[in-house]
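Following: one structure in structure tokens, then a few remarks.
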Amino acid sequence: MKKLFKMNSSISIEDFNSVRITGPYSLLKLGPDYAAFKSGNHIIEAVGEELIVETLSEEMAVLSFESITCVSVKEIRDGQESYDS
């Protein structure tokens, strides 16, 4: 099916225990208590206790934690394509 509208990405944190990414993204890393995504020119990392992946589809990701301890957003600069955290 052809997409009618180009969707920009958005990131929201709900109740300090879930992260929702809507729009195009790439999953970089996923572990028992962390996840890292690339969206546009940004890398988003979420770290917490007891990660539960609720949705992981082409243009939506919903991650829940018992509690979030850290969320970071880093801009990718020229020549900094690799993810090495």
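The model shown is predicted, which means the values in this text are computed figures rather than measured ones.
The side chain to side chain contact (heavy atoms under 4.5 Å, CB included) check on Ser12 picks up Glu14, Arg20, with sequence neighbours excluded. Remark: Ser18 pairs with no residue by the side chain to side chain donor-acceptor pair (under 3.5 Å) rule, at least two apart or across chains. Applying the ring-ring contact (aromatic ring centres under 6.0 Å, His included) test to Tyr25 and every residue at least two apart in sequence or in another chain returns Phe37.
Ile43 is not connected to Leu56 by any chain of hydrophobic side-chain contacts under 4.5 Å among Ile, Leu, Val, Met, Phe, Trp and Tyr, and they are in different clusters. Following chains of ILVMFWY side-chain contacts shorter than 4.5 Å, one cannot reach Leu28 starting from Val71, and the two form parts of different hydrophobic clusters. By the rule that hydrophobic residues join a cluster once side-chain heavy atoms approach within less than 4.5 Å of another member, Val73 and Ile76 end up as members of separate clusters.
In terms of heavy atoms, Leu63 sits closest to Ala35 at CD1-CB, 3.5 Å. Closest approach of Ala46 to Val19, counting heavy atoms only: CB-CG2, 4.1 Å. Here the shortest heavy-atom pairing between Ser9 and Gly23 reads OG-C, 3.8 Å.
Members clustered with Met60: Val62, by chain and number, using a 4.5 Å side-chain heavy-atom cutoff among hydrophobic residues.
Note that the SG atom of Cys70 and the CG atom of Asp33 stand 11.5 Å from one another [nearest 0.5 Å].
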Mind listing the side-chain donor-acceptor pairs of residues 47-55 below 3.5 Å, one per line with the distance, residues two or more places apart or on another chain?
{"residue": "Glu54", "atom": "OE2", "partner": "Ser64", "partner atom": "OG", "Å": "2.2"}

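Between Lys74 and Glu45 a salt bridge is recorded (basic side-chain N to carboxylate O distance below 4.0 Å).
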Intermediate values then yes/no, side chain to side chain contact (heavy atoms under 4.5 Å, CB included), His42 and Ile11: CA-CA 11 Å; His42 293 83; Ile11 301 162; over 6 Å; no
